[in-house]
Every structure is written in structure tokens, then in C-alpha cells.
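Here's the structure, in C-alpha cells; my notes come after.
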Amino acid sequence: MERSNQTSPAQQNARGIVDDRMPELSDWCATIFDFGETAWREYQSAAWYVARLRAEGFSVEEGSGGMPTAFCAEWSNGDGPIIGMYAEYDAVPGNCQAASTRREPRAGLGFQAGGHTDPHSGLGIATLGGLLATKAAMQKHGIKGGLRYTGEPAEKLRGSKPVHAAKGYYDGLAAMLSFHPFYMLPMCNTVRWDTHCGAAYAMIYRFICDAPESWGADDGSPIPQSHSAVRAPGANDALMMMYQSSKALREAMLPHQGGWSVSEAILTAGQATADNLPAGLAEIQYMMRTPTLAMADQITAVLDRNATAAAAMTGCRWERHWVSKSRPGLANHAMANVVWDALRDVGAPVWDDAAKKIAREIQSSLGMTPMQDPFIDEMTRLITPQEAEAGLRQDLPPSQLNSTSDDYTDMTWHAPTARFYIARPALKTPDGRPYPPWVMNALGGIPATIDPMIRTAAKVLAGSALRLLEDADARQAAMAEFQTRTGGGVGGTKWMPPLCDYDPPIHFRWPEYVTTPRGRDWWIPATMPDA
């Protein structure tokens with residue numbers, strides 16, 4: 001595949017800017033990694049980005065789309081096309097890990113606290129590095145246009161992007177660039193081609209037992225028995241029936257193909273002490289990832305029936321609250337080619353001796369024989385978008401157009417979008433044993449191991465953005481393809497409108513850090529260091 005452009009002086013300049021700012025980017029990544037804040041509760045992380053962006057000359061809207069931990073930053077160098085990028089910074093509960101070569105939580109916390117798994121700490125700082133390098137090169141070389149940078153909380157719940165999309169934050173962009181860390185073939189050091197990520201729904205089923213006295217029949221006693229309302233099964237029982245029945249019927253929800261999945265998480269349960277009272281409130285969240293919206297609707301109908309039955313059997317009523325309704329993704333080959341050109345110019349990330357030393361320490365700490373080259377070989381190689389597409393399609397039926405899950409897909413319906421992946425650090429297994437999850441989490445926080453990914457991704461982002469700003473033909477080709485695929489752009493005959501018809505679900509009992517007279521801790525306190 002021939003390269004379709006030559007690297008411009010501005011693109012070359014941007015690479016040097018990324019190199020010059022790597023010490024800062026490394027420190028910033030460590031900061032977000034240590035925050036380890038989870039979905040809808042990324043208060044410190046969002047505040048850090050807002051302050052940093054304002055210091056770099058951006059105007060920033062805090063709380064964009066009605067989401068307290070979201071933001072939208074803008075900068076202009078005069079009239080011209082606007083390029084979009086974004087940060088993610090949410091972590092995952094139960095994955096607290098220090099930037100260490102052994103399993104240990106971050107200082108003052110237990111393992112149940114939040115931690116970065118993908119890692120979004122590196123994702124966000126890589127995109128910030130690309131953004132700042134693009135801005136500096138635009139200023140130096142007099143390139144007209146603008147940059148829009150959104151802060152996207154709750155990506156693990158596919159939370160913010162459907163909201164931002166519905167409220168117009170991606171409208172008016174000439175292009176959107178979407179990066180994610182990845183190491184598994186075939187989506188490693190490549191760009192998505194045809195098969196983009198699929199749809200996703202997420203919702204909370206809330207069971208409320210607010211009339212327990214109406215449960216059961218009167219036993220004829222002339223004096224009501226004390227605490228007779230405890231005979232009502234209550235909300236906990238409703239939740240358990242919902243959980244068990246949905247598990248039992250999962251295989252009947254959809255055919256055995258299509259790469260769909262359903263997962264659940266219990267948010268609240270009980271709402272009463274050990275007194276003689278039934279639980280008044282319980283909540284369970286479901287998330288489904290499917291290739292099509294029709295499949296998501298079918299699963300939702302099954303879950304609704306299960307909730308109705310569980311509530312009827314336990315003296316409860318139920319409510320469904322949306323967390324996410326996200327569209328499947330739309331391809332754009334012209335955009336993919338632009339990013340692929342930049343990726344080939346930059347090359348794959350390289351892990352040096354310092355990183356390899358860290359990797360060997362981890363292998364030794366696990367009782368493994370340290371390896372001379374401990375990182376997976378494919379992490380330092382590029383794979384063409386077409387080769388990656390062919391590998392991805394091997395296990396998919398021909399009729400399936402979308403696969404796996406990520407909420408960047410909502411952006412693809414508002415601007416020409418490229419989705420690309422840069423390798424994150426991952427280790428070979430010297431004796432075939434799998435690594436425990438903490439290893440990947442630690443590698444995402446140790447500067448020597450995560451910085452190569454940040455450096456590479458930032459350079460690819462800056463190179464791609466500048467190419468689109470400088471090359472009108474490339475920009476127009478991407479927009480023409482977007483117009484064709486949507487039947488006329490936003491609102492066109494083939495365009496899929498936003499599905500978000502709900503308020504941001506920020507008021508639920510999402511896991512978070514809390515401050516009490518006992519100090520700051522995770523909402524599940526750490527009772528002992530090795531808990």
C-alpha cells in the first residue's frame with residue numbers, strides 16, 4: 001500500500017514537540033493513573049484536565065452535556081477546519097494497583113478501589129500530547145483551523161459519548177481521531193477498516209418495596225403483629241430473582257453467533273440494617289454489547305419481562321433507568337488511510353532496556369524465568385488495516401457488520417472518524433502460565449513501560465490532525481465518503497440519529513472515593529493491607 005502523502009514540516013515539527021514534552025506527559029500520566037477514579041466520579045481527573053487545558057490556552061466548558069466530570073475544550077488559529085480529539089480517564093473498581101513490579105494497591109487504599117486497566121490514564125495523556133503538539137505546530141507554521149477536545153467520562157459504561165453526540169458536541173467537525181491502547185491481534189498498531197465496534201445498551205433496574213404492609217393475607221389476629229411487614233420478600237429478593245432468571249435465560253436471548261454479551265453489576269442492595277424490616281431498594285445494572293440495535297432491543301425486552309416477574313413475586317415495583325444507548329460504528333476508508341500514513345511514518349512503539357528490566361522483575365516476582373525479550377513481539381510491528389480486517393473477519397459470519405464494543409461509535413455518525421490502536425505493554429509467557437490481571441494494570445502505570453505507547457500515539461495523532469488541516473484533498477475525500485455513507489451527512493437518508501433520550505445517569509450509587517472524619521478512602525473501606 002503506497003503512502004499517499006509526504007510528511008510536511010509541520011508534521012515533523014509536531015513529532016519533535018512530543019519528544020520535547022515527554023517528561024511532562026510521563027508525569028501527567030502517572031498523576032491520572034494515581035487518581036484511579038471510576039465512572040461518573042472522575043472529579044480530580046476532570047479538574048486536572050480542565051486546569052491543564054486552560055493553562056495551554058484553550059477555552060474550556062466544564063460539565064459539558066450536563067455531566068459534572070465531562071468537559072469540552074476549544075482553540076482556534078483562525079477560520080478553517082476543526083479537528084476533534086478526546087480524553088478518557090475513568091478507571092475500573094476492584095483493580096487498584098500501584099505502579100510497581102509486585103502486587104500492591106496504591107498507597108492508603110485496598111485492592112477494591114479503582115484502577116486503570118485499559119489504561120485510560122495513558123489514553124488520555126497520549127491524546128493530550130497529540131493535541132498540544134498539533135496546536136504548537138499550527139501556531140509555528142501558520143496553519144488555520146481549530147481544535148476541539150472533549151473529556152469523556154464513564155467510557156467503561158459507554159456513558160458520555162452518546163450524551164455528547166445527542167447534544168451536538170461532535171457537530172461541525174471536519175474529522176474526529178479516536179485512539180485506544182491495544183495489544184491483541186489483529187487490532188495492534190493498526191487502523192480499523194470496515195468492521196467497526198457495535199451497539200451497546202446499559203440500564204439500571206431499580207426495585208422498590210415501598211408498601212410491604214400490603215404483602216400477604218391477614219392472619220386474623222385482632223392486634224397487628226410487630227414487624228409483620230418483614231414477611232414481604234422485599235427488594236433484595238426481587239434483585240436476586242432478576243439476577244438468577246436473567247442468567248438462566250441468557251442463552252435463549254439471542255442466537256449463538258454475533259459476538260454479543262450481557263454483563264451485570266449490583267449497585268445497591270438492602271437499604272436497611274439487620275432490623276426486622278424488608279429491603280426497600282435494590283439496583284442492578286446490565287450492559288449488553290451487540291452488533292445491531294435489533295439484538296439490543298430483543299435482550300432489553302427479555303430483561304423487562306424478567307423485572308416484571310421478579311417485582312410481582314416479591315411485593316415490589318420496578319423502574320428502568322438508561323445508562324447508555326449507543327449506536328454501531330460507521331467506517332471511513334479515507335480517514336483510515338490518513339491515520340495509517342501517519343502510523344507508518346512514526347512506526348511502532350519500542351520498549352528499551354529499562355522497560356525490559358521492569359518486565360523481567362515482574363516475571364521474577366511471579367516465579368517465572370525472566371526472558372531476554374519479555375515483551376510480545378507483535379507489539380513492535382505494524383499490521384495494515386486490510387490485514388487486520390481480514391484477521392478480524394475470520395471468526396465472524398459474513399452478515400455481521402460490527403463487532404466488539406466501544407462508544408467512539410457515536411462519533412462516527414457526526415464526523416468522518418478514524419479508529420486506531422497502538423500497542424500497550426504486554427508480556428510473553430515463558431512457561432505458558434497466564435499472568436494475573438495486576439500485571440497489565442501495573443505495566444500501564446510504570447513510566448518506563450507505558451511511555452512508548454504514549455509517545456507513539458501522540459505523534460500519530462498530531463501527524464494525522466496536521467495532515468487533515470493542511471491537505472484539503474484528504475479532508476474532502478473523508479467528508480465525501482462520510483456524505484455517501486450517511487446519505488447526505490448529519491440527517492441524511494442513511495444517517496442514524498442519536499439514541500440518547502435520557503439524562504446523564506450521574507445520580508446513582510456509582511462506586512467512588514469518599515471523605516469522612518476517618519479520612520479519604522474507597523467506598524468499600526480497606527480493612528487490611530492484603531484484603
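Small disclaimer: the values here were computed from a predicted structure and weren't measured. We're numbering straight along the sequence, starting at 1.
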Under 3.5 Å, is there a donor-acceptor pair between the side chain of [X] and the main chain of [Y]?
| X | Y | value |
| --- | --- | --- |
| H164 | Y169 | no |
| S365 | T101 | yes |
| T117 | P119 | no |
| T290 | W260 | no |
| S464 | V460 | yes |
| R424 | M440 | yes |
| N189 | I422 | no |
| Q97 | R102 | yes |
| N77 | M138 | yes |

Is the closest side-chain heavy-atom distance between [X] and [Y] below 4.5 Å?
| X | Y | value |
| --- | --- | --- |
| I83 | L469 | yes |
| H116 | I32 | yes |
| K325 | P162 | no |
| L343 | F420 | no |
| K459 | D19 | yes |
| W48 | T31 | yes |
| R15 | D345 | yes |

Could you list the residues that satisfy side chain to side chain contact (heavy atoms under 4.5 Å, CB included) with [X], not counting sequence neighbours?
| X | answer |
| --- | --- |
| P452 | P349, W351 |
| T449 | A355, I358, F375, P425, L443, I446 |
| S364 | P370 |
| K428 | M371, D373, I376, D377 |

- Message: Could you tell me if D194 and H333 have a donor-acceptor pair between their side chains, going purely by distance under 3.5 Å?
- Response: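 Short answer, yes.
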- Message: Distance alone, cut at 3.5 Å: any donor-acceptor contact between the side chains of E155 and S160?
- Response: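 Side-chain D/A pair, E155 to S160: absent.
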- Could you walk me through whether H321 and Y502 pass the ring pair (Phe, Tyr, Trp, His ring centres under 6.0 Å) check? CA-CA 8 Å; H321 300 268; Y502 49 89; over 10 Å; no
- Task: Classify the angle between the aromatic ring planes of Y170 and H414 as parallel (below 30°), tilted (30 to 60°) or perpendicular (above 60°).
- Result: perpendicular
- Query: Using the ring of each side chain (for Trp, its six-membered ring), is F71 parallel, tilted or perpendicular to Y149, with breaks at 30° and 60°?
  - Reply: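 F71 vs Y149 ring planes: tilted.
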Atom pairs and distances, donor-acceptor, side-chain atoms in residues 173-182, under 3.5 Å, two or more places apart:
{"from": "S178", "atom 1": "OG", "to": "Y86", "atom 2": "OH", "distance (Å)": "2.5"}
{"from": "S178", "atom 1": "OG", "to": "R419", "atom 2": "NH1", "distance (Å)": "2.8"}
{"from": "H180", "atom 1": "NE2", "to": "D118", "atom 2": "OD2", "distance (Å)": "3.4"}

- Task: Look at atom NZ of K356 and say whether more than 12 heavy atoms of other residues, nucleotides or ligands are closer to it than 6.0 Å.
- Result: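 More than 12 within 6.0 Å, yes.
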- Task: Decide if atom CG of D352 counts as having more than 12 heavy atoms of other residues, nucleotides or ligands within a radius under 6.0 Å.
- Result: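 Count over threshold, so yes.
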- Closest non-hydrogen atoms of A474 and V338, given as atom of the first, atom of the second and distance, are CB-CG2, 4.1 Å
- Search all heavy atoms of T190 against all heavy atoms of W340 and return the closest pair with its distance. CA-CZ3, 4.4 Å
- Looking at D341 and R344, does any basic side-chain N land under 4.0 Å from a carboxylate oxygen? yes
- Electrostatic pair E24:R52 at N-O distance under 4.0 angstrom: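 Salt bridge between E24 and R52, a charged N being under 4.0 Å from a carboxylate O: no.
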- Message: Going by side chain to side chain contact (heavy atoms under 4.5 Å, CB included), W75 matches just one of E56, R148, Q139. Which one?
- Response: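 For W75, the side chain to side chain contact (heavy atoms under 4.5 Å, CB included) check succeeds only for Q139.
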- Note on the structure: From the list N402, D410, T412, side-chain hydrogen bond (donor to acceptor under 3.5 Å, both in side chains) with R327 holds only for D410
- If you draw the axis of the six-membered ring of Y421, does the NZ or CZ of R192 fall within 45° of it and under 6.0 Å from the ring centre?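 No, R192 does not lie over the aromatic ring of Y421.
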- Message: Quick check with a 6.0 Å cut-off and a 45 degree axis cone: is R103 positioned over the face of F111's six-membered ring?
- Response: yes
- Task: Starting at OG of S326, measure out to CG of D407 and round the result to the nearest 0.5 Å.
- Result: 5.5 Å
- Contacts of R433 meeting salt bridge (Lys or Arg N to Asp or Glu O under 4.0 Å) (sequence neighbours excluded), chain-then-number -> D431
- Show your reasoning for whether salt bridge (charged side-chain N to carboxylate O under 4.0 Å, His left out) applies to E88 and K161. CA-CA 10 Å; E88 295 170 6; K161 298 186 189 77; 2.7 Å; yes
- Sort out for me which residue in W28, Y49, W40 forms a ring-ring contact (aromatic ring centres under 6.0 Å, His included) with Y89.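 So, applying the ring-ring contact (aromatic ring centres under 6.0 Å, His included) to Y89 and each of W28, Y49, W40, only Y49 qualifies.
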